[in-house]
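To start, the structure under review is shown below, and the notes come after it.
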Amino acid sequence: MTARPLPALYGEDFAADPERVYAALRQAGPLARVEIAPGVEAVLATDYETALDVLRDTHTFSKDPRPWPDTVPADSPVRSVLAYRPAVTFADGETHARYRKVIGDSLALIGPHLLQRQVSDAAADLIGRFAGTGRADLVADYALQIPLRVFSQWFGLPYEEGERLARTHSTMFDLGENAHAAHEDLTGAIRDLVADRRARPRRDLTSYLLQHPAELDDAETVRQIAVAFGSGYELTANLIANTLQHMIADPRYDRSVYAGAMTAHEAINEVLWRNPPQATSTGYYVRYDTTFHGVGLRAGQLVLVSYAAANTSSRPGGATTDPWGASESAHLAWGAGPHSCPARQPALLIAITAIEELTSRLCDMEQTVPTEELRRRPGPFFRALAALPVTFTPWAPKAPAPPEESAGGAPAGRRGAAVGR
Ligand code: HEM
């Protein structure tokens, strides 16, 4: 008898309608076996309480896959996400606390006023480039560009290099056949940046990371930057794009910024519940044979949390009604437990500012493709639009800033400190 194939968390069908797969998985219980790439099996938590327990229970679950045999094929696209690296995402206990402190202390140097201005400047420049045409792809022309400009400034990367890294990172997370090469390329470019700042420190996050009293070596610094730049850039772009799509398609947001009906912040909150930019967690590994929420797990088994499925599984607290009215912070879009996102404040500030800048200037945007036909990027980890084509009444900004004078267009360092209060 041939075994039934496991539900797949990859491919066009899953990307088009993940909720259908989550609903079927919930029938199998709070934890269910899935395939996350051809030949790669995992156990997926789809129930809210179970998900929270996986994320918080450091006694049962480890983030470090090394004690167990590596079962992910060498050429599998998910290696770029799951293969061990000496980075915050793969560390437990004291090692994790050390990396996390360096990242947290460095992010704390980012002044909210400067950040808001960087985003507003970048937004004005980008909008000025397409406003007169009456059409844009809000993913390529806007959502991906905003965090790219901000992150290039933060880390002190020349803009063109940041753009190349961003493309590389997208290839990596699309989990295509080039994912592994893309990951190597990303790491190589950051290695060059770190070597340069070790020799010539500047006022940017890369230099601050190197100067932190925890004294990370160069290789450790490269890995923390790769995680922060990579996931932060991609997830912030996805949050902006998913929220803009939500606002454009939902009549409750009509002219909302002027009428004050529903704000960008409220729209973001709804997206964090329904369409979290990171749909599935990185790896958690069972430390010993155990039974967890009634399900038998083997030592070394790969467990993933579906943030997306957990958010829609039930209202936190038990009731099985829809969760949209639930409190702002109870969703799992930022993760939970010791590995939850350390950057939710700057990420929210970037997203809110970017969305308000756009919707306050172009208030009659319409999608040119119906929502159900919008293409999503494949893979289990991200919930990301491939494109968001819109039209609007062409608009000529009164005094467009020349690109070379805008914050985003200038190479890092030309306008002084990239971070600071
Ligand atoms: C400024 C932008 C961002 C930066 C620098 C950033 C950075 C990071 C870092 C360094 C981690 C690893 C934490 C650890 O393992 O202890 C992390 C985790 C995480 N971040 Fe962010 N992030 C950003 C934006 C976002 C956004 C917009 C979202 C989605 C709403 C998000 C969701 C998450 C989630 C779900 C995790 C847990 C990842 C996992 O499952 O392993 N982040 N983030």
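For ligands, and for the atoms within them, numbers begin at 1 and follow the listed sequence. Only heavy atoms go into these numbers, but all of them, side chains included; no hydrogens, no water, no symmetry mates. The first residue in the sequence is number 1, and the count goes up from there. Remember, predicted model here, so these are calculated numbers, not experimental data.
Within 6.0 Å of atom CD in Glu366, 12 or fewer heavy atoms from other residues, nucleotides or ligands are found, so the atom counts as exposed in its surroundings.
Neither side chain, Thr50 nor Asp53, offers a donor N or O lying under 3.5 Å from an acceptor on the other. Side-chain polar atoms of Thr312 and Arg26 form a donor-acceptor pair below 3.5 angstrom. The closest side-chain donor-acceptor pair between Asp105 and His212 falls under 3.5 angstrom.
Closest to atom 12 (C) of ligand 1, if we only count protein heavy atoms, is Val88 CG1, 3.9 Å. Protein heavy atom at the shortest distance from atom 28 (C) of ligand 1 is Trp334 CZ3, 3.3 Å. In this structure, atom 3 (C) of ligand 1 lies nearest to the protein heavy atom Gly232 CA, 3.3 Å. The shortest contact between atom 31 (C) of ligand 1 and any protein heavy atom is with Leu235 CD1, 3.4 Å. Of the protein's non-hydrogen atoms, the one nearest atom 22 (N) of ligand 1 is Cys341 SG, 3.1 Å. Atom 15 (O) of ligand 1 has His339 ND1, 2.9 Å as its closest protein atom, hydrogens excluded (heavy atom only).
For ligand 1 and Ala333, the ligand atoms under 4.0 Å from any heavy atom of the residue are 29 (C), 30 (C), 32 (C), 35 (C). The distance from ligand 1 to the heavy atoms of Thr236 drops below 4.0 Å at these ligand atoms: 2 (C), 24 (C), 27 (C). Shown in contact with Thr282 at under 4.0 Å from a heavy atom are these atoms of ligand 1, numbered in order with element: 39 (C), 40 (O), 41 (O). Residue-ligand proximity, Thr89 to ligand 1, at heavy-atom distances under 4.0 Å covers atoms 15 (O), 41 (O). Every atom of ligand 1 is numbered from 1 in the order shown, and the set under 4.0 Å from a heavy atom of Leu272 is 30 (C). Residue-ligand proximity, Ala228 to ligand 1, at heavy-atom distances under 4.0 Å covers atoms 5 (C). Near Arg100, the atoms of ligand 1 lying under 4.0 angstrom from a non-hydrogen atom of the residue are 13 (C), 14 (C), 16 (O). Against a heavy-atom cut-off of under 4.0 Å, Ser281 is close to the following atoms of ligand 1: 40 (O).
Under the 6.0 Å distance and 45° angle rule, Arg85 does not count as a cation-pi partner of Phe90. Tyr285 does not carry Lys63 over the face of its six-membered ring by the limits of under 6.0 Å from the centre and within 45° of the normal.
Using a 4.0 Å cut-off between charged side-chain N and carboxylate O, Asp218 and Arg198 make a salt bridge. With salt bridges taken as basic N to acidic carboxylate O contacts below 4.0 Å, none links Asp121 and Arg149. Under 4.0 Å is where a charged nitrogen must lie from a carboxylate oxygen, and between Arg287 and Asp92 at least one such pair does. The pair Arg66-Asp64 meets the salt-bridge criterion, since a charged nitrogen lies less than 4.0 angstrom from a carboxylate oxygen.
Using a 4.0 Å cutoff on heavy atoms, His96 counts as a contact of ligand 1. Using a 4.0 Å cutoff on heavy atoms, Trp154 counts as a contact of ligand 1. Proximity of Lys63 to ligand 1 is established by a heavy-atom distance of less than 4.0 Å.
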Subject >> Working for salt bridge (Lys or Arg N to Asp or Glu O under 4.0 Å), residues Glu94 and Arg98 >> reply: CA-CA 6 Å; Glu94 281 178 23; Arg98 175 169 174 256; over 6 Å; no
Original post:
Can you list the steps and then say if Asp17 with Arg376 is a salt bridge (Lys or Arg N to Asp or Glu O under 4.0 Å)?
Top reply: CA-CA 10 Å; Asp17 190 5; Arg376 307 269 172 180; over 6 Å; no
**OP:** Evaluate salt bridge (Lys or Arg N to Asp or Glu O under 4.0 Å) for Glu19 paired with Arg274, printing each intermediate quantity in order.
**Re:** CA-CA 10 Å; Glu19 196 50 52; Arg274 301 180 198 193; over 6 Å; no
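Within the 4.0 Å heavy-atom criterion, neither part of Asn238 lies near ligand 1. With a 4.0 Å cut-off on non-hydrogen atoms, Gln278 touches ligand 1 through its side chain and not its backbone.
Comparing Tyr284, Phe151, Tyr307, Tyr233 against atom 40 (O) of ligand 1, the shortest heavy-atom distance belongs to Tyr307. Nearest to atom 8 (C) of ligand 1 by heavy-atom distance, out of Pro342, Gly335, Ala343, Ala351, is Pro342.
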